[in-house]
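Some notes on the structure that comes next.
Quick note on labels: first sequence line is chain A, next is B, and so on, each numbered from 1.
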Protein chains: 2
Amino acid sequence: MRKVADSTVRRLSLYLRFLDDFEGQGVETVSSEALAQRGGTTSAQVRKDLSFFGSFGKRGLGYYVPELAQRLRQILGLGRRYRVVMIGAGKIGSALVQYRGFTQRGFDIVAIFDNDPAKIGTQWNGLTVLPIDRLEQELKAQQVDMAVLVTPGEAAQSVAERVVGQGVKAILNFAPVQLNVPDDVVVKTVNLALELETLSYALTNR
Amino acid sequence: MRKVADSTVRRLSLYLRFLDDFEGQGVETVSSEALAQRGGTTSAQVRKDLSFFGSFGKRGLGYYVPELAQRLRQILGLGRRYRVVMIGAGKIGSALVQYRGFTQRGFDIVAIFDNDPAKIGTQWNGLTVLPIDRLEQELKAQQVDMAVLVTPGEAAQSVAERVVGQGVKAILNFAPVQLNVPDDVVVKTVNLALELETLSYALTNR
DNA sequence: GTTTGTGAAACGATTCACAGCT
DNA sequence: AGCTGTGAATCGTTTCACAAAC
């Protein structure tokens, strides 16, 4: 089952959200065409995406909404909760800590770190901001699945190395730099400046 | 020059950041290989990316750092400033308003809207939060290039239609929904839940 | 009759490899 | 000799189209 395109996984995640909506509206079955329309893609694309993982539909009928949702949750690894540490208690970090979607989707923030003495010791959503020196100690003390990096660009690589050194295998990176990590570590970078620049490109070239 | 892949544009934006670094270090020329290494890609990729827009290098030598940087700024449409409105003065909105990278890269936030009476009238980084009812009026009064949407999911589509109705052609969307807009409007969606789910997928399937 | 699941075809992006310039 | 610029080859993804299932 290896080697499924990133674009496919992202679409699965979208489909799951649509299924949740459909389920909320009491819809029982859904066709690949209906999912496609909601997601701005084609029915063939939907079926192909799903086909990498099995065949979940009934011909002539479509997919049972709750069943397909359940399958997708399983495929995406959402049948469990994840323990997440946040590194950087600045503006974006603070917004993320309070973001409901995190917890709702199964991601629990279990520690927050910063190196600013003014922030260390303050309370964020029930968690005390810890000094960054305590990073290794805390990662050893509690099992952690992911790190969210919200540090300045200069600090990001070194922090990444420290969390990777403690066995963390997934990083969500908001620092505007390209992180260098071993092959068995997954990094997703969200780079705002880059998104803005693709918009400015699109506005310019029309 | 039409029809350049999104992935190409994103890489150009990365290269530009590397060139800024190189320039800061006083490096005068740079090879496609050097840029490639910094960006985790290949020299052929770098040259192909640039070749869509012209030939900026000298054979046997590489590229003049300041010249190539200048060219990339031009290609990406960064030779001017953009006027941006922010819609939604919640946690993420507030973090974004204060984010330095916005202004640094040429994007000026010129108005902020919300529908929460508790927020309307408060000051955000020198701007007064306006009631969302004033949206059309303000968009008419001042030329605006982009809208950043930081509303709840339910509100996003309707707000998008309102800004598009006033002629805005670019939207940066942080609401976790798929926006439906006319073909001549560009939307970039940053969907946190989706990024988290690709990470969880990656952690699960190894 | 409807809709899935999937090989095959079409399309698009990346990599190769080398001729041509400096 | 070194490095770019670019057609040609390769690889990966999306779309087509239809037989099989209900």
Side-chain angles (χ1 to χ4, degrees), chain A residues 1-15 18-19 22 27-72 75 178 198 201-202 205, chain B residues 1-15 18-19 22 27-72 75 178 198 201-202 205:
Chain A
M1 190 222 275
R2 209 52 12 91
K3 206 73 280 291
V4 171
D6 194 63
S7 50
T8 295
V9 178
R10 298 176 76 85
R11 280 190 302 265
L12 292 179
S13 180
L14 280 180
Y15 304 154
F18 304 151
L19 288 169
F22 284 130
V27 177
E28 294 211 335
T29 67
V30 81
S31 67
S32 55
E33 181 54 37
L35 278 174
Q37 246 167 281
R38 199 80 162 51
T41 179
T42 65
S43 61
Q45 180 78 79
V46 172
R47 295 197 301 276
K48 186 63 94 179
D49 287 341
L50 296 174
S51 78
F52 289 114
F53 300 94
S55 42
F56 310 129
K58 288 253 175 302
R59 293 168 196 234
L61 216 116
Y63 304 85
Y64 287 107
V65 171
E67 190 200 317
L68 184 56
Q70 191 45 39
R71 296 295 201 132
L72 288 183
I75 292 164
Q178 171 92 3
T198 54
Y201 172 82
N205 302 87
Chain B
M1 187 223 272
R2 211 50 14 90
K3 207 73 279 291
V4 171
D6 194 63
S7 50
T8 295
V9 177
R10 298 176 76 85
R11 282 191 301 267
L12 292 181
S13 179
L14 279 180
Y15 303 155
F18 302 152
L19 287 169
F22 283 130
V27 178
E28 294 208 336
T29 67
V30 81
S31 66
S32 55
E33 180 55 38
L35 278 174
Q37 246 168 282
R38 197 80 161 52
T41 179
T42 66
S43 62
Q45 180 77 80
V46 172
R47 296 199 299 277
K48 185 64 94 182
D49 287 342
L50 296 175
S51 78
F52 289 115
F53 300 94
S55 44
F56 309 129
K58 289 249 177 304
R59 292 170 196 234
L61 215 114
Y63 304 85
Y64 288 108
V65 171
E67 190 200 316
L68 184 57
Q70 191 45 39
R71 296 294 202 132
L72 289 182
I75 291 164
Q178 173 91 0
T198 54
Y201 172 83
N205 302 87

Handout entry: Residue list, side-chain contact (heavy atoms from CB on, under 4.5 Å) with A/Q178, at least two apart or on another chain
Key = B/L14
All N/O donor-acceptor pairs, side-chain side in residues 61-70 of chain B, below 3.5 Å, sequence neighbours left out:
from	atom 1	to	atom 2	distance (Å)
B/Q70	OE1	B/R73	NH1	3.0

Handout entry: Bounds of contact between DNA chain C and chain B, in 5' to 3' order, using a heavy-atom cut-off under 4.0 Å
Key = C/dA13 to C/dT22
Practice task
Not counting sequence neighbours, which residues clear salt bridge (Lys or Arg N to Asp or Glu O under 4.0 Å) with A/R38? List them please.
Solution key: A/D21
Exercise for the section: Could you state the atom-to-atom distance from CZ of B/F56 to C1' of D/dC3 in whole Å? Expected result: 17 Å
Handout entry: Minimum-distance pair of heavy atoms, taken over all atoms of A/L50 and A/F56
Key = O-CE1, 3.9 Å
Practice task
Just jot down the side-chain hydrogen bond (donor to acceptor under 3.5 Å, both in side chains) partners of B/Y15, sequence neighbours excluded, or say none.
Solution key: B/D49
Problem - Listed partners of B/Q37 passing side-chain hydrogen bond (donor to acceptor under 3.5 Å, both in side chains), at least two apart - result: none
Fill in the blank from the handout: Residues pairing under salt bridge (charged side-chain N to carboxylate O under 4.0 Å, His left out) where one sits in residues 50-61 of chain A, two or more places apart or in two chains, turn out to be none
Output a table of nitrogen or oxygen pairs between the protein and nucleotides 12-14 of chain D separated by less than 3.5 Å.
from	atom 1	to	atom 2	distance (Å)
D/dT14	OP1	A/R11	NH1	3.2
D/dT14	OP2	A/R11	NH2	3.0
D/dT14	O5'	A/Q45	OE1	3.4

Practice task
For A/S32, answer base if it contacts any base atom (sugar-phosphate contacts may also be present), sugar-phosphate if it contacts only those atoms, and nothing otherwise; contact means non-hydrogen atoms under 4.0 Å.
Solution key: sugar-phosphate
Handout entry: side-chain contact (heavy atoms from CB on, under 4.5 Å) partners for A/R10, two or more places apart
Key = A/D6, B/L194, B/E195, B/T198
Please tabulate the protein-to-nucleotide N/O contacts below 3.5 Å involving nucleotides 18-22 of chain D, giving atom names and distances.
from	atom 1	to	atom 2	distance (Å)
D/dA20	N3	A/R59	NH1	2.8

Exercise for the section: Would you please name every residue forming a side-chain contact (heavy atoms from CB on, under 4.5 Å) with A/A202, sequence neighbours left out? Expected result: B/V186
Completion exercise
Residues passing the side-chain contact (heavy atoms from CB on, under 4.5 Å) test with A/E28, sequence neighbours excluded, are none
